Amino acid sequence: MDAKTLSAAPPEGADSIGEAETKGARRSRVSGIDRALQVIDYLYETGAPAGAYAIAKAIKAPLSTVYVIIDDLVEKNMLGRNADGSVWLGARLYHYGLAYARSLDFMSVATREMHDLCRQASETVQVCGRDGDSMLVLAMADGPSHFQVASRVGTRVPLNWTASGRLLVGHLPEEERIELFKHCARTSPTGRAEVDAGVLSDAAGKAFEERLSIQVAESDYAVACIASPVVDRDGQCVATISIVLPEQKAVSDGDHYGEQVRAAAERIEKLMGWRNH
């Protein structure tokens, strides 16, 4: 082999070094994505704007790293920066969410039924789902009255506070329900929400079986909720549809609203092809 050939040949082990560098770079990029998701998840889970220091402390990341990630996410409109320096979820994430929602047949069907029920009952109607230990408001149609509902779209509430929360876990085995409520049950602002895991499990199972759950002033004063489960072909509660109304209306005419919300849930299941579950 001549000198020219020798000089052109890669050093021994160069290929493996290059591969290692490529793998290292790939790991670095994944780590960066993971950190960005941790920042976004933290904001989503806390439900409020936060500063870089609080975020870094919560996700156990170097403050300098979090500053860089936040700046990059703000620049890409994934986060928005407030006047006080805190950051919150940006418009780009909202657009992604809208595009995702449009792709879901279930949300399209459920939203139509939600608006129909809102016109029929003349009260605020919500479609809710489960997010871990919380109930999440997925969609909402405001009723024509001046009655104000605190839980808007995106609100996350402990499962034991709401009628929907109990229904969303009502299909689970009893032991699983009990264990779930043992670690997620929280005292509500009104102090009226049940926190005993056994009682909650029984209530959840019964409500799911009867396809109706009612809570009165457990999470908010003078506010009631009447909910029915939307059950898929596997018999699991994938969401709920509920009427949110003043406490006195639920007490005086609960049966009427209960029939309406049950019928709406059944229509969603029928349109989705789930009624034979």
Side-chain angles (χ1 to χ4, degrees), residues 45-47 121 123-138 140 149-152 154-232 234-266 268-269 277:
E45 289 166 4
T46 56
E123 299 291 345
T124 295
V125 177
Q126 295 180 337
V127 174
C128 300
R130 180 184 169 192
D131 182 15
D133 293 343
S134 301
M135 180 213 77
L136 173 67
V137 180
L138 300 173
M140 177 173 171
V149 177
S151 56
R152 315 300 295 182
T155 299
R156 298 164 75 250
V157 180
L159 290 170
N160 66 304
W161 289 9
T162 66
S164 289
R166 291 189 278 274
L167 286 172
L168 288 163
V169 299
H171 63 276
L172 298 174
E174 182 180 4
E175 290 184 3
E176 191 172 338
R177 292 199 305 264
I178 291 174
E179 287 303 313
L180 177 64
F181 283 124
K182 277 183 179 179
H183 78 258
C184 79
R186 301 286 184 272
T187 302
S188 67
T190 65
R192 294 175 64 174
E194 181 62 62
V195 293
D196 183 272
V199 175
L200 285 166
S201 175
D202 290 343
K206 182 180 179 181
F208 181 75
E209 183 178 338
E210 296 178 351
R211 293 185 58 84
L212 189 68
S213 182
I214 301 174
Q215 68 90 358
V216 178
E218 291 183 37
S219 59
D220 294 295
Y221 292 101
V223 178
C225 179
I226 301 175
S228 187
V230 178
V231 182
D232 67 10
D234 297 321
Q236 298 184 359
C237 181
V238 296
T240 65
I241 185 165
S242 60
I243 300 174
V244 186
L245 68 171
E247 178 180 349
Q248 65 270 21
K249 286 188 177 182
V251 173
S252 64
D253 205 7
D255 291 342
H256 172 65
Y257 290 113
E259 291 173 3
Q260 290 181 321
V261 79
R262 266 201 195 109
E266 289 176 4
I268 295 172
E269 293 173 351
H277 58 73

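Bear in mind the structure is a predicted one, so any value in this text is a computation, not a measurement. Atoms considered below: every heavy atom in the structure, side chains included; atoms not considered: hydrogens, waters and symmetry mates.
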Which atoms form the tightest heavy-atom contact between [X] and [Y], and what is the distance?
| X | Y | answer |
| --- | --- | --- |
| Leu168 | Ala239 | CD2-CA, 3.8 Å |
| Ala163 | Ser213 | O-OG, 3.1 Å |
| Ala204 | Phe181 | CB-CE1, 4.2 Å |
| Gly258 | Ile226 | CA-CG2, 3.9 Å |
| Gly235 | Phe208 | O-CZ, 3.5 Å |

| Test side-chain contact (heavy atoms from CB on, under 4.5 Å) applied to Glu176 - qualifying residues, sequence neighbours left out |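 Glu176 satisfies side-chain contact (heavy atoms from CB on, under 4.5 Å) with Leu172, Pro173 once adjacent residues are dropped.
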Applying side-chain contact (heavy atoms from CB on, under 4.5 Å) to Val199 and not counting sequence neighbours gives Glu194, Asp196
[atom1]/[X] to [atom2]/[Y] distance, rounded to the nearest 0.5 angstrom?
| X | Y | atom1 | atom2 | result |
| --- | --- | --- | --- | --- |
| Ile243 | Gln126 | CD1 | CD | 11.0 Å |
| Glu259 | Arg262 | CD | CZ | 7.5 Å |
| Arg152 | Thr155 | CZ | OG1 | 8.0 Å |
| Leu167 | Leu159 | CG | CG | 11.0 Å |
| Ile268 | Ile241 | CD1 | CD1 | 4.0 Å |
| Met140 | Cys128 | CE | SG | 9.5 Å |

Practice item. Could you walk me through whether Lys182 and Glu179 pass salt bridge (Lys or Arg N to Asp or Glu O under 4.0 Å), step by step? Key: CA-CA 5 Å; Lys182 277 183 179 179; Glu179 287 303 313; 3.5 Å; yes
Are the side chains of Arg177 and Glu174 in touch, meaning some heavy atoms are under 4.5 Å apart? yes
Quick one: does [X]'s side chain have a donor or acceptor within less than 3.5 Å of a partner on [Y]'s backbone?
| X | Y | answer |
| --- | --- | --- |
| Arg211 | Pro229 | yes |
| Arg166 | Leu200 | no |
| Ser242 | Ala227 | no |
| Trp161 | Arg186 | yes |
| Ser164 | Thr240 | no |

#### Entry: Single hit among His171, Glu266, Gln236, Glu269 for side chain to side chain contact (heavy atoms under 4.5 Å, CB included) with Val231
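Exactly one option meets the side chain to side chain contact (heavy atoms under 4.5 Å, CB included) with Val231, and it is Glu269.
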Partner of Leu245 under side chain to side chain contact (heavy atoms under 4.5 Å, CB included), picked from Glu247, Lys249, Gln248, is Lys249
Could you check whether atom CD of Glu210 has more than 12 heavy atoms from other residues, nucleotides or ligands sitting under 6.0 Å from it? yes
